[in-house]
Amino acid sequence: MTKPLRLVIFDVDGTLVDSQADIVAAMTIAFEAVGQPVPDRATILSIVGLSLDRAVLHLAPELSGQSHARMVEGYKEAYISLRAKTGAADTSPLYPGAREALDQLHAQENVLLGVATGKSRRGLDKLLEAHALGHMFVTQQVSDHHPSKPHPSMIETALSEAGVETDHAVMVGDTSFDMEMAQAAGVSGIGVSWGYHDVARLAAARQIVDRFTDLPAAIERVWKAGAE
């Protein structure tokens, strides 16, 4: 019997790579550019996963649209500058075990991999190039072409591009935005505990994993439960 085609969709920041240093530094520069006090690290990291325009609106709702636009541009310029100094592979390193888990999943003939991220197309391309991961992901959804998470558009488009049904897909992420996006799209969410949201915020996840080495087995459990 032929195994059904399956899709594993990954968030990026806080799930595959630890990019918090550049995110916090770039957001600090963005706030300073409009003369506003800078939120603390935890507050800044709480919005990782949202599209940048939604993120600055969430962090500074009292500011005008013009100020938000300046912050978005300031963040983008700062992030590019910071990354250029040391390279994306160093500023956004893969979490321990990430590459091995990706290799293991990618080696399965009936499993496709995808990405759904709040990053821009340019930002994702640079990161995938730095870590030599671009060939692994058959579908890559970025903030340029979709509403911000947790809107299900990214997952819905990924499913369509991959030709996979909802019950044969999972979303792997570290934030409530990822898990709520998965829920809205009708796919199972697997939360990771090493990212930027506390595990308590991942209530919509079907399972939580603490190490990348545990992820392939967790994915199998979700799919097995769905087939019963």
Side-chain angles (χ1 to χ4, degrees), residues 1-17 48-51 54 95 98 101-119 121 124 128 133 136-228:
M1 183 176 178
T2 304
K3 293 182 178 180
L5 194 62
R6 302 188 185 280
L7 176 64
V8 182
I9 307 169
F10 286 91
D11 168 57
V12 176
D13 296 309
T15 300
L16 289 177
V17 300
V48 174
L50 294 176
S51 299
R54 285 281 302 279
Y95 282 104
L102 290 171
D103 286 340
Q104 182 178 342
L105 292 166
H106 188 251
Q108 299 180 41
E109 291 185 359
N110 69 315
V111 175
L112 302 175
L113 304 182
V115 165
T117 177
K119 284 185 173 299
R121 177 78 265 172
L124 179 62
L128 295 181
L133 291 176
M136 288 194 171
F137 302 109
V138 301
T139 178
Q140 300 173 16
Q141 308 306 319
V142 295
S143 63
D144 308 59
H145 310 129
H146 297 279
S148 179
K149 298 176 184 180
H151 192 285
S153 175
M154 288 188 186
I155 292 181
E156 291 170 346
T157 303
L159 292 170
S160 177
E161 289 184 357
V164 175
E165 300 295 326
T166 55
D167 55 349
H168 292 154
V170 295
M171 173 72 204
V172 181
D174 69 304
T175 71
S176 60
F177 311 127
D178 297 315
M179 298 302 99
E180 290 164 8
M181 177 175 64
Q183 190 174 54
V187 307
S188 296
I190 297 178
V192 303
S193 65
W194 55 78
Y196 303 149
H197 278 192
D198 189 272
V199 170
R201 296 185 61 182
L202 307 182
R206 286 284 300 276
Q207 293 201 36
I208 303 289
V209 295
D210 297 320
R211 299 173 301 179
F212 253 113
T213 52
D214 299 331
L215 181 61
I219 292 171
E220 286 298 328
R221 287 195 298 272
V222 168
W223 282 332
K224 183 179 180 180
E228 293 176 349

Undergrad: What orientation do F177 and H197 show, parallel under 30°, tilted 30 to 60°, or perpendicular over 60°?
TA: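 The rings of F177 and H197 stand perpendicular, inter-plane angle above 60°.
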Undergrad: Could you report the tightest heavy-atom contact between T139 and Q141, atom names first, then the distance?
TA: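 For T139 versus Q141, the nearest heavy atoms are OG1-NE2, 2.7 Å.
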Undergrad: Rounded to the nearest 0.5 Å, what separation is found between the CG atom of D178 and the CG atom of D11?
TA: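 D178 CG to D11 CG: 4.0 Å, rounded to 0.5 Å.
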Undergrad: Show the nearest heavy-atom pair for residues V209 and A218, with the distance to one decimal.
TA: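 Closest heavy-atom pair between V209 and A218: CG1-CB, 3.5 Å.
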Undergrad: Under a 3.5 Å distance rule, please check whether D210 uses its side chain to pair with a backbone N or O of S193 as donor and acceptor.
TA: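 Checking the backbone N and O of S193 against the side chain of D210, no donor-acceptor pair under 3.5 Å is found.
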Undergrad: Working to the nearest 0.5 Å, report the span between CZ of F137 and CD1 of I9.
TA: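 Going from the CZ atom of F137 to the CD1 atom of I9 covers 11.5 Å.
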Undergrad: Return yes when atom CD of E220 has more than 12 non-hydrogen atoms of other residues, nucleotides or ligands closer than 6.0 Å, and no otherwise.
TA: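 Buried by this count: over 12 neighbours within 6.0 Å.
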Undergrad: Does the side chain of L102 reach to within under 4.5 Å of the side chain of F10, using non-hydrogen atoms?
TA: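 Contact flag for L102/F10 side chains = yes.
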Undergrad: Indicate the atoms forming the closest heavy-atom contact of M179 with M171, along with that distance.
TA: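 In terms of heavy atoms, the two residues are closest at CE-O, 3.8 Å.
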Undergrad: Do W223 and V8 come close enough that some side-chain heavy atom pair is under 4.5 Å?
TA: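 Answer yes - side chains close enough.
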Undergrad: Measure the spacing between OG of S188 and CZ of R221 and express it to the nearest 0.5 Å.
TA: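 Answer rounded to 0.5 Å: 12.5 Å.
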Undergrad: Heavy atoms, side chains only, cut-off 4.5 Å: are K3 and E109 in contact?
TA: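 A side-chain contact is absent here, since even the closest heavy-atom pair is not under 4.5 Å.
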Undergrad: Less than 4.5 Å apart, side chain to side chain, heavy atoms only: is that true for T157 and H145?
TA: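 No. Closest side-chain heavy atoms not under 4.5 Å.
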Undergrad: When you check the gap from the basic side-chain N to the acidic O, do D198 and R201 get nearer than 4.0 Å?
TA: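 Here D198 does not pair with R201 in a salt bridge, since their nearest N and O are not under 4.0 Å apart.
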Undergrad: Distance from Q183 atom CD to I155 atom CD1, nearest 0.5 Å?
TA: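 It comes to 10.5 Å.
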Undergrad: Between V111 and I219, is there a side-chain heavy-atom distance shorter than 4.5 Å?
TA: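 No, side chains not in contact.
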Undergrad: Check L16 against F212 and note the closest heavy-atom contact, atom names and distance.
TA: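 Taking L16 first and F212 second, the nearest heavy atoms are CD2-CZ, 3.9 Å.
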Undergrad: Closest approach of A205 and G191, non-hydrogen atoms and distance?
TA: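 Closest approach of A205 to G191, heavy atoms only: CB-N, 3.8 Å.
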Undergrad: Looking at every non-hydrogen atom in both residues, tell me the closest pair between V12 and K119 and how far apart they are.
TA: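 Minimum heavy-atom separation between V12 and K119: CG1-CE, 3.9 Å.
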Undergrad: How far does CG of L112 sit from CE of M136, to the nearest 0.5 angstrom?
TA: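 These two atoms lie 13.0 Å from each other.
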Undergrad: Within the distance-only criterion (no hydrogens, no angle test), does the side chain of S176 pair as donor or acceptor with the backbone N or O of L202 below 3.5 angstrom?
TA: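 Side chain of S176 to backbone of L202, a donor-acceptor pair under 3.5 Å: no, none is there.
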Undergrad: Spell out, as yes or no, whether a donor-acceptor pair under 3.5 Å connects the side chain of K149 to the backbone of A116.
TA: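 Indeed, once roles are kept as given, a pair shorter than 3.5 Å links the two residues.
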Undergrad: Between CG of L7 and OG1 of T166, what distance do you get to the nearest 0.5 Å?
TA: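 Rounded to the nearest 0.5 Å, the CG-OG1 separation comes out at 11.0 Å.
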Undergrad: Under 3.5 Å, side chain of D144 to main-chain N/O of R121, donor-acceptor pair present?
TA: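 Yes: the side chain of D144 pairs with the backbone of R121.
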